[in-house]
Q: 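Here you go, one structure.
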Amino acid sequence: MERALFLIFALTAVVAALNVLLRRHPLHSALALLVVLGAITGLYVLLGAYFLAMIQVVIYAGAILVLFLFVIMLLNLRAEEARLERRPLFRWLAVPFALLLGAETFYLVRTFKENPIPSGTSVGLTEAVGRELFTTYLLPFEVTSLLILIALLGAVVLARRG
């Protein structure tokens, strides 16, 4: 049963992620992103990481996605889309990056044939997540917060131009 649920959630996440990339309308992509976040929440629940599942729903599916929708509606994306159509080089650059991503995915699937997280650990519990964030992963945590701040400032600057 658990394996079937894992496959359902994983396939749903992969198909919805492809929809995020392939949809031309940004609102449809944002809705597909909501499906991805929901499927990842299901995977967290299967791992027993209830805290991460709750955070996934509250922060990512709730707050971040609402922010994305706000930015999509605030920006004039039709003008940006027309500007991108004039640069066909970007389409050709996507091919080697897609091949690189496929090779990386193949390597990861081949490397992790078994579940790397042993059962009975404290993975996903609040105390374990907090301890790891503020000890082992403090630098990536701070860098990520700076990147999010820069992205937010960039969105504000882009919104002021229009």
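Heavy atoms only: backbone and side chains are in, while hydrogens, waters and symmetry mates are out.
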Q: Is there a path of hydrophobic side-chain contacts, each under 4.5 Å between heavy atoms, that joins Phe141 and Ile55?
A: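 Yes, Phe141 connects to Ile55 through the hydrophobic network.
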Q: Determine the minimum heavy-atom distance between Ala17 and Val36, stating which atoms define it.
A: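 Looking at all heavy atoms of both residues, the shortest contact is N-CG2, 3.3 Å.
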Q: Taking a hydrophobic cluster as the set of Ile, Leu, Val, Met, Phe, Trp and Tyr residues connected by side-chain heavy atoms closer than 4.5 Å, whether directly or through intermediates, do Leu147 and Leu149 fall within one such cluster?
A: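 No: no chain of side-chain contacts under 4.5 Å links Leu147 to Leu149.
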Q: Group every Ile, Leu, Val, Met, Phe, Trp and Tyr by side-chain heavy-atom contacts under 4.5 Å, then state whether Val58 and Leu37 land in the same group.
A: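 Shared cluster, yes.
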Q: Leu52, Met54: one ILVMFWY side-chain cluster at the under-4.5 Å cut-off?
A: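 Yes.
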Q: Tell me which one of Val35, Leu33, Leu34, Leu31 satisfies side-chain contact (heavy atoms from CB on, under 4.5 Å) with Val20.
A: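 With Val20 as partner, side-chain contact (heavy atoms from CB on, under 4.5 Å) holds for just one option, Leu33.
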Q: Check whether any side-chain heavy atom of His28 lies under 4.5 Å from a side-chain heavy atom of Asn19, and answer yes or no.
A: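 Not in contact.
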Q: Tell me whether the centres of the aromatic rings in Phe51 and Tyr44 are closer together than 6.0 Å.
A: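 When the ring centroids of Phe51 and Tyr44 are compared, they turn out to be at least 6.0 Å apart.
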Q: Provide the closest heavy-atom pair for Gly62 versus Val66 in the form atom of the first, atom of the second, distance.
A: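 Looking at all heavy atoms of both residues, the shortest contact is O-CG2, 2.9 Å.
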Q: Answer whether the closest heavy-atom distance between the side chains of Thr12 and Phe9 falls below 4.5 Å.
A: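 Not touching, per the 4.5 Å side-chain cut-off.
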Q: Restricting to non-hydrogen atoms, name the atom on Leu65 and the atom on Ala30 that form the minimum distance, rounded to 0.1 Å.
A: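 That closest heavy-atom pairing would be CD1-O, 3.6 Å.
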Q: Working to the nearest 0.5 angstrom, can you tell me the gap between Leu43 CG and Gln56 CD?
A: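 Nearest 0.5 Å value for the CG-CD distance: 9.5 Å.
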Q: Taking Leu7 as the starting point, is it possible to reach Leu46 by hopping between hydrophobic residues whose side chains are less than 4.5 Å apart?
A: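 In one cluster with Leu46: Leu7, yes.
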Q: Find the distance between CG (Leu138) and CG (Leu133) and round it off to the nearest 0.5 Å.
A: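 Those atoms lie 9.0 Å apart.
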Q: Please examine the side chains of Ile64 and Ile59, heavy atoms only from C-beta on, and report whether any two atoms are closer than 4.5 Å.
A: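 They are in side-chain contact.
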Q: Say you draw a straight line from CZ of Arg3 to CD1 of Ile8; how long is it, rounded to the nearest 0.5 Å?
A: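 Rounded to the nearest 0.5 Å, the CZ-CD1 separation comes out at 13.5 Å.
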Q: If I take atom CG from residue Leu22 and atom OG from residue Ser29, how far apart are they, to the nearest 0.5 angstrom?
A: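 Those atoms lie 8.5 Å apart.
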Q: Can you tell me how far the CZ atom of Phe134 sits from the CD atom of Glu142, to the nearest 0.5 Å?
A: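 Nearest 0.5 Å value for the CZ-CD distance: 7.5 Å.
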